[in-house]
Amino acid sequence: MDRIALAAGALYVIVLLRAGGTFAVGWLAGAGARRSRFAERISSAKFRRAERAIQRWGAPMVAVSFLTVGFQTAANFLAGSMRMPLSRYLPALLVGGAAWALIYATAGLGVLEVLGRLFAERTAFGVSALAVLLLAVCGAVVYRRRRAALSSGDTAADEV
């Protein structure tokens, strides 16, 4: 249990620094965009409405983003660039980051322990399981890329 608590604590610090840093970079990028040649586009009524909506309702999305893979960085950057108030962002970061840290500390350590035992006791089976896992991941990536290429090819053909 001590290992899980230590791992969860370390992961929590890491996620707070990483996500908070991404929010800060987004805040700075948004401030820079407001002073650049894009300022005219950013000051439109439609953009301001979207910005207000994210400032008001974006916190739950930030918290939930920690339960996804690949959406966390975008959610934190968007929250920063759209100037979500810290009074809304920080609670979402603290709750979402805690959930992320606990999930990865428990499930992540469990998977690593199982893999470690598997490789130590039955090396051939462990190597086979790892190869199957890698093939499944590669297959999923290839499938998604082909599907995306086909769908973008369809839209390009429709436009011509």
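Just so you know, residue 1 is the first one in the sequence shown, and it goes up from there.
- Across all non-hydrogen atoms, the minimal contact from Ala7 to Leu109 is CB-CD1, 3.7 Å.
- Summarising the geometry of Ala8 relative to Ala101, their closest heavy-atom pair is O-CB, 3.5 Å, with the distance given to 0.1 Å.
- Put simply, the residue from Arg49, Arg83, Met84, Met61 that forms a side-chain contact (heavy atoms from CB on, under 4.5 Å) with Ile54 is Met84.
- Formation of a donor-acceptor pair under 3.5 Å by the Arg88 side chain with backbone atoms of Gly58 is not found in this model.
- Applying the side-chain contact (heavy atoms from CB on, under 4.5 Å) rule to Leu90 yields the partners Leu86, Leu93; only residues at least two apart in sequence or on another chain are considered.
- Pairs passing the ring pair (Phe, Tyr, Trp, His ring centres under 6.0 Å) check and including a residue from residues 5-33, sequence neighbours excluded, read Phe23-Trp27, Phe23-Tyr89.
- Taking every heavy atom of both residues into account, Gln72 and Arg18 meet most closely at OE1-NH2, 3.0 Å.
- With contacts defined as side-chain heavy-atom distances shorter than 4.5 Å, the pair Leu130/Phe119 qualifies.
- Atom CZ of Arg122 sits in a sparse spot, with 12 or fewer heavy atoms from other residues, nucleotides or ligands closer than 6.0 Å.
- Here CG of Leu94 is found 9.0 Å from CZ of Phe66. Values are rounded to the nearest 0.5 Å.
- Checking side-chain atoms of Arg35 against main-chain N and O of Ala31 turns up a donor-acceptor pair under 3.5 Å.
- The backbone N or O of Val141 lies less than 3.5 Å from no partner atom in the side chain of Arg145, so there is not a single donor-acceptor pair.
- Taking all atoms of both residues into account, the shortest heavy-atom contact from Ala75 to Val62 is O-CG2, 4.2 Å.
- Trp100 approaches Leu11 most closely through the heavy-atom pair CZ3-O, 3.5 Å.
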